[in-house]
There are 2 protein chains.
Amino acid sequence: MEATAQIMRDQGYAAATSRRVAALAGVKPALVYYYFATMDDLFLAVLRAGAKASLARMRQAITDDDPLRALWVMNSDLRFTGLYTEFMALANHRKAIGTELKAYAERVRDLETAAVTVALRAHGVDLDEYPPVAVSMVVSQMARSLSNETTLGVTEGHGEFRKFVERHFDRFGSASSAERTQRA
Amino acid sequence: MEATAQIMRDQGYAAATSRRVAALAGVKPALVYYYFATMDDLFLAVLRAGAKASLARMRQAITDDDPLRALWVMNSDLRFTGLYTEFMALANHRKAIGTELKAYAERVRDLETAAVTVALRAHGVDLDEYPPVAVSMVVSQMARSLSNETTLGVTEGHGEFRKFVERHFDRFGSASSAERTQRA
DNA sequence: GTCTATAGACGGATAGAC
DNA sequence: GTCTATCCGTCTATAGAC
């Protein structure tokens, strides 16, 4: 499963064949089918393991003293976003993958929203003006978008965007006294 | 090329083989290689054609009386975002695709930023507080993210997010939805 | 331009030895 | 559990007829 994830990240899901996975894992192709009936089952196992680890980290982030930044950092991990992009593409034509990825995305959204709600409320942000679900969507999705662009080699505007995000983190998350004034 | 794009959208890039493309186009596989030396060349041609059409629409959007909403609408087109996601995944392990996609993404960013700069400045928005490049990134990337999620079947928070975006469109000086209704 | 036919590589998956 | 060996399908790409 480790080998599968690595190949998917480095060369795309189409390159994750039973032969290549086995070679990287140091075993023979037939052994892959001893543990996983089909390649789809292997992909699903990789997805579930990644989702489980990711959700665990996210539950930790909820209790973080700066959940917004924790969310940003988590979704800026190139290893994570690379895999996620591959699974998104895979989900396009593998029904089972799509179903699993959808379930995962919805659980993530719930957790993210909960974390952001706590953070915003704790700092007196108007939850009608800044709905937690919308804020969490911006933070996690933009972090992923920037990561995807970085992988592609596009970094134009990234510096300015990070500064832009930082300003809002200050306002919404770890509000310093200076930023409280700005909010008013 | 039309058949290739359709298959990529519906079944993923890995399904766009010379056989299937030819079948959908109503010709024989060998003919594909008469027009395109390799499958990579075909993918590149599809990418270039799509990029050209997309850039043309974007230049139009600059002169639109509501560039921000035009940007949002353009990047909410499921046909466009589906293809874009596939090319992102393809770029992971096809160097030529990656180079082309990067060049395209950078030209898009320049155009978007120009359009947003004009729009914000025209309505007296503070460009230091809301850097045009950051605003354009949020608008286009979030539109794509929502489209990708919709394709996956995830719509949680989408309604709230759209309202959130509408409020900011209004605040940034674009005609409010009420005004647009009046005009219509 | 469009076709038939095919070479040659690689893929998923299975049978059966050890 | 892990292997060797193999079946059979699909893929890219090419040769050459029409």
Side-chain angles (χ1 to χ4, degrees), chain A residues 1-51 82-83 85-101, chain B residues 1-51 82-83 85-101:
Chain A
M1 284 167 56
E2 191 55 50
T4 306
Q6 185 178 326
I7 292 176
M8 287 180 73
R9 264 193 302 264
D10 296 346
Q11 301 164 281
Y13 71 81
T17 67
S18 54
R19 285 167 164 81
R20 281 194 259 240
V21 167
L24 186 58
V27 296
K28 298 297 170 182
L31 196 58
V32 173
Y33 293 99
Y34 176 78
Y35 287 102
F36 305 96
T38 68
M39 286 304 288
D40 267 26
D41 289 330
L42 171 55
F43 288 135
L44 267 181
V46 172
L47 173 55
R48 289 205 180 103
L83 251 193
T85 300
E86 290 301 322
F87 275 116
M88 281 282 291
L90 245 184
N92 263 357
H93 61 296
R94 308 278 188 121
K95 200 180 156 195
I97 305 283
T99 303
E100 190 74 20
L101 197 59
Chain B
M1 283 166 56
E2 190 56 50
T4 306
Q6 184 178 327
I7 292 175
M8 285 180 73
R9 264 193 301 263
D10 296 345
Q11 301 164 278
Y13 71 80
T17 66
S18 54
R19 290 172 206 275
R20 281 194 261 241
V21 167
L24 186 58
V27 295
K28 297 297 170 183
L31 196 59
V32 173
Y33 293 99
Y34 176 78
Y35 288 101
F36 304 96
T38 69
M39 287 303 288
D40 268 26
D41 289 330
L42 171 55
F43 288 135
L44 267 181
V46 172
L47 174 55
R48 290 205 179 102
L83 251 192
T85 301
E86 291 300 322
F87 276 115
M88 281 284 290
L90 245 184
N92 263 356
H93 61 297
R94 308 279 187 121
K95 199 181 156 195
I97 303 282
T99 304
E100 190 74 19
L101 196 60

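In what follows, chains carry the letters A, B, and so on, assigned in the order in which the sequence lines appear, proteins first and then strands, with residues in each chain numbered from 1.
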>> Quick check on D:dT10: is either OP1 or OP2 less than 4.0 Å from any side-chain nitrogen or oxygen of B:R20?
In response: no

> Heavy atoms, side chains only, cut-off 4.5 Å: are B:T4 and B:M8 in contact?
Replying inline: yes

> Under 4.5 Å between any side-chain heavy atoms of B:R19 and B:V32, yes or no?
Replying inline: no

>> How many whole angstroms separate atom CG of A:D41 from atom P of C:dG12?
In response: 13 Å

>> From C-beta outward on A:L31, which listed nucleotide comes closest to its side chain: C:dC3, D:dT2, D:dC11?
In response: D:dT2

>> In whole Å, I'd like the distance from the OH atom of A:Y33 to the P atom of C:dT14.
In response: 8 Å

> Between CZ of A:R48 and CG of A:L44, what distance do you get to the nearest 0.5 Å?
Replying inline: 5.0 Å

> Side-chain N or O of B:Y34 less than 4.0 angstrom from OP1 or OP2 on C:dT2?
Replying inline: no

>> Quick check on DNA chain C: between A:A14 and B:K28, whose nearest nucleotide comes earlier from the 5' end?
In response: B:K28

>> If you assign B:S18 and A:R19 each to the DNA chain D nucleotide with the nearest heavy atom, which residue ends up on the more 5' nucleotide?
In response: A:R19

> Taking only side-chain nitrogens and oxygens of A:Y35, does any of them come within less than 4.0 Å of OP1 or OP2 of D:dT2?
Replying inline: yes

> Do A:Y13 and A:H93 have their ring centres less than 6.0 Å from each other?
Replying inline: yes

> The side chain of A:A30 lies closest to which of these nucleotides: C:dT2, D:dC3, D:dA13?
Replying inline: D:dC3

> In terms of side-chain heavy atoms of B:M39, which of D:dA13, D:dC11, C:dG12 is nearest?
Replying inline: D:dA13

>> What is the separation between atom CG on B:L42 and atom C1' on D:dC11, rounded to the nearest whole Å?
In response: 15 Å

